[in-house]
Each structure stands twice: as structure tokens, then as C-alpha cells.
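Taking it in order: structure first as C-alpha cells, then the write-up.
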Amino acid sequence: MNFDDTPQEAEFRATARAWIAANAPKQYEEELRKSSLGRTVLKNANILDVAKAWQKKKADAGWACLHWPKEYGGRGSSPIERVIWSQEEGPFGQLSRMFIIGHGMCGPTMMAFAREEHKRTYLPPLASGEKVWCQLFSEPAGGSDVAGLRTRAEKDGDDWIVNGQKIWTSGAHYSDYGILLTRTDPTVPKHKGLTMFFLDMKSPGVEVRPIKQASGASDFNEVYFTNVRIPGHQRLGEVGDGWNVSLTTLMNERSAIGAAVSTGFPELFEYCSSLMLDDGPAIEDRAVRSKLANWAVKASGLKYTSMRAISALSKGERPGPENSIGKLVAGSMIQDVATYALDLQGASGVISGEDAELAGRFQAMLLRAPGTRVEGGTDEIMRNIIAERVLGLPGDIRVDKDVPFNKIPTKGRG
Amino acid sequence: MNFDFSDDQKQLRDQARKFLAEKCSPKAVRVVLDGKAPYDKELWKGLAEMGFLGVAIPEEFGGAGAGHLELCVIAEEMGRANAPVPFSSTVYLAAEALLIAGSDAQKKRWLPAIASGEAIGTLALFEGKGNPAPKNVKLTAANGVLNGVKKPVADGAIADFAVVAARTGSSGRDNDISLFLVDLKAGGVEVKNLTNLDPTRGQAEMTFKDCKAEPLGAAGEGWSILTEVLDRAAVLCAFEQVGGADRALEMGRDYALDRIAFGRQIGSFQAVKHMLADMYVSATLARSNSYYGAWALSTNAAELSEAAAAARISATQAFQHCAKNNIQVHGGMGFTWEFDCHMYYRRANAMALGLGSMSYWEDQLIDRMRKKNAA
Ligand SMILES: Cc1cc2nc3c(=O)[nH]c(=O)nc-3n(C[C@H](O)[C@H](O)[C@H](O)COP(=O)(O)OP(=O)(O)OC[C@H]3O[C@@H](n4cnc5c(N)ncnc54)[C@H](O)[C@@H]3O)c2cc1C
């Protein structure tokens with residue numbers, strides 16, 4: 001058991017560090033360091049422009065999407081090198097979060113299912129941030145129950161014609177491409193009638209409408225499809241095999257480890273270390289210390305769990321469903337941490353934005369946190385995954401599993 | 001980086017697990033639980049023969065000289081098997097105190113006896129209510145004799161020797177405390193067995209009356225030695241707790257697959273699935289924190305004090321959480337003496353207190369994190 005770099009790793013780290021020192025956009029370092037809660041804001045610059053410029057610079061020098069093969073815009077790095085890079089990249093890594101859906105989910109899905117010429121055409125500009133991708137899965141009728149989606153794709157000669165609606169699509173408003181899960185056969189059980197495509201988001205008939213989120217920001221969208229034509233060669237996987245293809249996407253989503261999940265704990269600890277309460281420093285207060293200690297061990301537990309996973313990866317083991325615990329633990333923890341930080345502020349905790357304590361850092365955290373517990377699979381879905389795939393407990397009873405999709409009763413918002 | 005045990009260490013774990021499955025069945029544990037024996041002597045002898053008692057004791061003192069990572073591996077299995085032997089008091093507390101502060105002669109006297117299973121040791125620290133703190137040590141040492149009362153002392157009734165914390169000064173600072181080594185067979189100590197939450201590991205009251213004692217470590221250094229002993233023991237206990245948590249989770253999982261209610265396996269009900277998933281989460285976080293503690297312990301890293309507190313808190317929570325929900329999954333059966341669930345519940349809650357309660361470790365963790373951040 002050791003944390004030492006091998007000579008090879010040490011050399012990689014030194015090279016990465018030197019390159020980052022010479023090239024990173026340092027003028028934004030402080031702002032990036034302070035917005036570590038899933039919402040990165042730069043005051044005097046457009047975050048997407050800054051992110052794209054940094055990503056392009058990395059790609060040109062061979063530091064983008066490190067684990068991807070070189071021919072697709074990556075570096076062919078080992079999992080450990082990927083981790084070393086993210087440690088060295090530090091707060092600048094936040095900028096790549098703009099591309100997390102493309103890099104974490106769309107790219108790997110393309111790699112597994114697209115034709116060779118498409119991989120060579122589409123993957124390098126995805127790696128370099130020149131082209132942004134989104135993931136068009138969720139629909140009003142199908143979120144957790146992805147396979148309940150209704151967007152139709154119908155064959156028309158060599159092409160497919162798509163009609164329907166997606167929802168909560170992150171980044172669709174600035175995306176160039178998307179991967180799209182559709183229903184191609186409603187007469188078979190729901191998991192069997194799905195087909196995956198990728199498409200140009202500028203195609204005629206695609207309409208993106210931003211949705212205002214509970215947090216007040218607008219990061220996700222509704223996307224409408226009206227007779228959108230997709231060439232047949234942009235199909236990913238077989239007709240009717242879309243469920244399998246989407247599972248690959250979702251597995252990759254969970255194994256996008258390396259970048260530690262944020263828990264809000266370092267921010268809270270720092271805050272309590274300097275905060276004065278009525279009776280003295282917060283950090284001297286028994287109740288505060290107890291809260292902090294309990295969150296501290298969750299945060300460190302997550303950190304070392306991901307290190308164990310990385311060690312396993314580096315020995316050639318595959319990432320397993322146990323990686324679901326990161327988001328499950330961190331999601332509700334961020335929410336609790338933010339709630340507590342505001343409680344410590346007393347009545348003034350209600351003030352948000354620039355006038356608030358620490359420019360509203362914890363208020364912003366509180367308002368963003370509910371989304372973390374829903375996006376990429378809700379807490380309940382994460383628990384199901386752990387219970388079923390790690391502990392081997394029975395799957396939920398599915399009353400619609402063997403029923404043709406068009407015979408499934410519907411009610412509610414769908 | 002390699003944040004995992006080595007293949008050899010994993011092999012040792014398999015060996016220990018196999019040995020304990022054979023020699024330490026729940027039936028064997030129950031002999032002690034039901035009060036028919038103070039501890040499992042046969043098992044203790046077997047552990048000595050396997051080399052498990054002296055795994056972290058250097059060869060020159062009769063041990064295997066393997067190291068603390070190996071001891072962590074064995075500790076986990078001891079916890080998993082709920083072993084009814086004075087392992088933690090002898091191996092984590094008494095032996096570690098000797099390793100840290102013992103003179104060559106003291107080490108030669110006691111460490112080989114520990115490794116061979118001939119001597120059971122313990123740490124006599126607590127004096128009734130309260131957490132580890134110099135001000136809570138009232139037992140006095142003067143002119144080489146001790147006077148005062150210690151309770152609870154883990155495995156005190158079966159121990160052959162004790163490391164005793166005593167007051168040797170009145171400055172009001174940590175260096176008022178010194179440690180002593182007492183041969184309990186030599187007279188001067190009255191021992192009374194106390195009933196306790198977990199009968200598989202006894203607790204005693206020890207009254208020292210003009211009891212002869214020899215110093216362990218330098219005078220006035222007692223508290224700093226103790227702090228290090230407690231930190232080491234916190235990591236080692238964390239592995240026992242992780243082992244216990246894992247076993248409780250496994251019992252709950254197996255029962256959930258087995259038991260049918262409303263025409264279904266109860267493990268198909270989400271309330272039950274999610275409860276088990278949460279048990280897995282807490283056991284996993286505890287395991288990861290404990291691995292970090294193991295690394296710090298085995299490398300004598302400066303991070304040990306913080307890592308030990310984190311492992312302690314996390315593993316205590318996980319074992320308590322898994323043990324209590326294991327009973328819940330088992331329903332009424334879980335609340336019977338006949339089912340094994342309560343043995344883990346007892347052990348979890350007893351272990352939560354043995355090295356000082358959660359509030360003590362929470363304070364330690366925060367103090368240590370502050371110190372690190374200030375540095
Ligand atoms: C910030 C954010 C970004 C997102 N980005 C994207 C994106 O880029 N692309 C995309 O395709 N989607 C995206 N989503 C959508 C997201 O994947 C879904 O919201 C999510 O999977 C939950 O689905 P739902 O909203 O339909 O909730 P529902 O499925 O309706 O769930 C409602 C409640 O029921 C519970 N529930 C549902 N099924 C079960 C079950 N089987 N067992 C127990 N409980 C259950 C849920 O846990 C939840 O509490 C995003 C969502 C958010 C919040």
C-alpha cells in the first residue's frame with residue numbers, strides 16, 4: 001500500500017505540471033477555485049469561450065481526453081495518468097466540466113458504436129472542445145424510466161425521420177451534436193423497440209428552448225423534433241438495440257471517476273475555521289465540531305474510495321457499479337452542508353447573491369444541490385443499482401416489462 | 001500509487017478467514033456469550049500457533065515481524081468472526097504500548113509471551129465516566145506503588161499484566177501523567193468482573209492498593225505515549241469494526257434473499273433494498289478511511305493522527321449502522337437471542353466506547369485538521 005509515484009508516473013507528473021504552469025489561464029484561477037460547487041461563474045469573461053480556449057490548447061499539446069486513443073484526439077494514457085493530470089490541473093479542470101457530457105458519455109458511446117470514419121471525423125473536435133455534444137435521453141415520459149421514452153424515429157428510405165420531445169438536455173443550447181435515443185418500434189416491449197443515433201443539432205426541425213431551473217440558472221433545455229431527418233449511417237448500434245447502447249453510455253457516466261466529486265466539505269471547514277459565533281469561534285463549538293467531523297469522514301471516505309477504484313483500474317479491473325456511491329453520498333451531503341452553513345449565518349443566511357456572506361457561495365450551493373441528486377440517476381436509482389448489482393438483491397418488479405410499448409397504460413405528465 | 005493490500009496480504013486474509021470460520025463459529029462464540037467461559041482459550045492458543053498474535057511483533061521479541069498492514073488484515077477477520085478473545089486489549093493496546101515505550105527488558109519479558117499466547121495484556125486507563133483526558137486520571141503513583149481504581153478495564157479479569165495510566169504530578173498539564181507496567185499475578189490488585197454490553201469481551205474494575213509497578217517509558221511522557229497507543233489502536237479497531245460491519249451486511253443480505261413475505265423475497269422490497277444499499281455505503285466509506293489509516297500506521301506517517309481519528313469515526317458509525325439495520329432486516333427473528341444479529345449489535349456498541357467515545361474522536365479529528373491547515 002503506497003501513494004508514491006512510480007518513476008514513470010513521477011516523470012509524467014513533472015511534465016504535466018510544467019506544461020500547466022506555462023499554459024493555464026491563470027487570470028481565472030482564483031475565481032475557479034472559489035466556485036467549486038457545480039456552478040462556475042466568471043465575472044468578466046464568457047465561461048464557454050474560456051473553457052473552449054483552454055481545451056483547444058490542451059488538445060493541441062496532447063493533453064485532452066487523456067485516456068482516449070491518439071487517433072481520436074486523446075493521448076492513450078493509463079487511468080493513473082488521468083488521475084495525475086486531474087490532480088495537477090487543479091481548479092482549471094473545472095473548465096472541462098463544460099464538456100463532461102460529450103467527453104464522459106457521448107464520446108465513449110461513439111467509440112463503441114460509430115463507424116470508423118465517423119470516429120475519426122467527429123471525435124477529435126469533440127476532444128478539443130471545438131464541437132460540443134449533448135445527450136438527448138430524458139423525456140417528460142421517461143427519466144428514471146428511460147426506456148419509457150416516446151420520441152419516434154421512422155424509416156424513410158436510407159434516412160430516419162424523428163418527431164418528439166426531449167427535456168432537461170444539459171447544454172443543448174450551445175451544442176453542435178447530440179446522441180439521441182428514439183423509439184423505432186412501439187409494438188414490442190419497451191426495451192426492445194429503441195434505437196440510438198447521433199445528429200447535428202443544427203438540423204432543420206430541431207428547436208432548443210432553454211428551461212429556467214429551480215436555481216435560477218438555465219443550463220438545461222427542452223428540445224423539440226419536428227420531422228428531423230437523420231441519415232441512416234448516423235445510427236449507433238443496431239435497430240432495436242438502443243437500450244444496450246444507452247447502457248454503455250450510462251456505465252461510462254458512472255465510471256467517469258478521477259475527478260473527485262465535490263461534497264462542499266472543504267468550503268464548510270474553511271468557513272468554520274474563521275467564523276465567529278456569539279459565544280466564540282465556530283470551530284471551538286462542540287456542536288459545530290461534531291457536524292464537521294461527521295462530514296469530514298464522509299468526504300475522506302469518498303476520496304479514498306475513489307483511490308481504491310483507481311488502483312483497481314490500474315491493475316486492469318473494470319469499473320464496477322460500486323462507483324455509484326460517489327454521487328449518492330456527495331449529493332445529499334452538499335445539500336446538508338449548505339443548509340448548515342446558512343444556519344450558522346443566522347437570519348442573514350437568507351440573503352443570497354453578492355450581498356450575502358462569502359458572495360453567496362453557500363446559498364448558490366443550496367439552490368444547485370437538488371439537481372445533483374437527480375441528474376445522472378436519482379438517489380433512489382443509485383441505491384437500486386447498489387442493491388441489485390453489488391449486493392445481488394432481486395430487481396424491482398416490472399409490470400410493463402413484457403407488454404408491447406403501445407399497450408402500456410399511461411397517466412400523468414407524459 | 002497502489003492503494004490496496006498486496007497479494008500476500010490478501011492471502012493472509014484468506015488464511016485467517018478460513019481458520020476463524022473453522023475455529024470460531026457462532027456456536028463457539030456463544031459459549032463465551034452465555035457465560036460458560038471468560039474467553040475462548042482454545043481459539044487463543046490456535047491464534048498463537050498461527051502466528052496471528054505476534055504478527056506485528058518483531059522477530060527478536062518472538063513475533064512474526066510482518067508488520068501493521070498484516071495486523072490490519074487479521075483484525076478485520078477477528079471482527080468478522082466476532083472472536084471472543086482478548087485480542088484488541090492484548091495486541092492493539094498492551095503490545096503497542098510496549099513497542100512504543102517499553103525498555104528492552106520489558107519487551108523481552110512480555111512481547112514473546114504475547115506472541116505465544118501465554119500472556120494476556122490490557123490497558124487500564126478509564127476511571128468511570130469521561131473520555132481520555134489527563135484530568136480524568138486520578139489514580140496515583142508514588143515511590144513505585146499505585147493507588148486508585150480503574151474501570152472499565154477491557155479483559156481486566158483475565159489479563160496477566162496491565163499498562164496503567166497514573167498521575168505523577170500536579171502541574172495541571174499533560175506531563176502529570178506517567179505509564180506503569182503491572183504484573184497482575186504479583187498481588188496488590190483486586191479485580192472485579194463487571195457485566196457489560198458485550199459479554200464476549202469482558203470488562204472489569206481494578207482496585208490498586210499499594211500495588212508495585214515499574215515505569216513504562218519516561219516519567220511525564222505518559223500522555224503522549226497514550227495518545228499514540230490510542231491512535232494505533234483506533235486504526236486496528238477500525239479494521240475489526242469494518243469486518244463486523246461487512247459480516248452484518250452479509251447476514252442482512254442473505255436473510256433478505258431467503259425470507260419470503262407477501263409472496264416475495266423481502267429483498268425485492270425497495271425499503272429493504274435501500275436499507276441494505278445504505279449499509280453497503282457506510283461500510284465502504286469506513287473501509288476506505290481505514291485503508292488510509294493502515295497506510296499511515298504502517299509507514300509511521302505524520303498523517304497518522306488525523307487518519308486514525310477519521311478511521312475511528314467512520315468505522316464506528318458503519319459498524320453501528322450495519323449491526324442495527326441487520327436486526328431490522330431480520331424482523332422479529334433478529335430480536336431473538338437465538339439469532340446471531342445481537343452479537344454484532346453488542347460488539348458494535350461496545351467497541352464504539354472502548355477507546356473513548358465519538359465526541360472524543362470528533363474533537364481529536366477537528367483539532368488535528370486545524371493543526372494541519374495551520375501548518
Ligand atoms: C441538472 C440536471 C441535468 C440533466 N441533464 C440531462 C441531460 O443532459 N440529458 C438527459 O437526457 N437528461 C438529463 N437530466 C435528466 C435526468 O437524467 C432525469 O431528471 C433523472 O434521470 C430523473 O428522471 P425524472 O426527472 O423523470 O424523474 P422521475 O423518474 O419521474 O422520478 C421522480 C421520483 O421518483 C423516483 N423513482 C422513479 N423511478 C423509481 C424507481 N424505479 N424506484 C424508486 N424510485 C423511483 C425518483 O427517484 C424520484 O425521486 C438532467 C437532470 C438534471 C436535474
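Every chain is numbered from 1, with letters handed out A, B, ... down the list of sequences.
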Heavy-atom check, side chain of [X] versus side chain of [Y], under 4.5 Å:
X	Y	result
B/Asp367	A/Arg289	yes
B/Val281	A/Arg383	no
B/Leu285	A/Ile325	yes
B/Asp363	A/Arg286	yes
A/Leu391	B/Met279	no
B/Met1	A/Thr6	no

So what's closer than 4.5 Å to chain A heavy atoms on [X]: side chain, backbone, both or neither?
X	result
B/Phe5	both
B/Leu365	side chain
B/Glu250	neither

Taking every heavy-atom pair that is under 4.5 Å apart, which of [options] has the most such pairs with chain B?
options	value
A/Asn294, A/Ile84, A/Asp379, A/Asp4	A/Asn294
A/Leu328, A/Ile283, A/Val390, A/Ile397	A/Ile283
A/Glu270, A/Glu9, A/Lys298, A/Lys315	A/Lys315
A/Gly395, A/Ala312, A/Gly301, A/Ala387	A/Gly301

Out of [options], return the one with the most heavy atom pairs under 4.5 angstrom to chain A.
options	result
B/Met358, B/Gln9, B/Gln364, B/Arg264	B/Arg264
B/Ala256, B/Ala277, B/Ser282	B/Ala277
B/Leu69, B/Asp278, B/Leu249	B/Asp278
B/Ala307, B/Ala286, B/Ala310, B/Ser298	B/Ala310

So with a 6.0 Å cut-off around [atom1] of [X], is the heavy-atom count from everything else above 12?
X	atom1	value
B/Tyr280	OH	yes
B/Lys10	NZ	yes
A/Lys291	NZ	no
B/Gln270	CD	yes
A/Gln8	CD	no

Backbone N/O of A/Ser311 and side chain of B/Asp4: donor-acceptor pair under 3.5 Å:
no
Do the side chain of A/Lys303 and the main chain of B/Ser288 share a donor and acceptor less than 3.5 angstrom apart?
no
Would you give the length of the straight line joining atom [atom1] of [X] to atom [atom2] of [Y], rounded to the nearest 0.5 angstrom?
X	Y	atom1	atom2	value
B/Ser6	A/Asn2	OG	CG	11.0 Å
B/Asn2	A/Ile310	CG	CD1	12.0 Å
B/Phe3	A/Ser314	CZ	OG	13.0 Å
A/Tyr304	B/Tyr291	OH	OH	15.0 Å
B/His274	A/Met382	NE2	CE	11.0 Å
A/Ser300	B/Ile313	OG	CD1	9.0 Å

If every non-hydrogen atom of B/Met369 is compared with every non-hydrogen atom of A/Phe269, which pair is closest and at what distance?
CB-CZ, 3.6 Å
Test side-chain contact (heavy atoms from CB on, under 4.5 Å) applied to A/Leu393 and B/Val272, B/Ile266, B/Leu257, the passing residue
B/Leu257
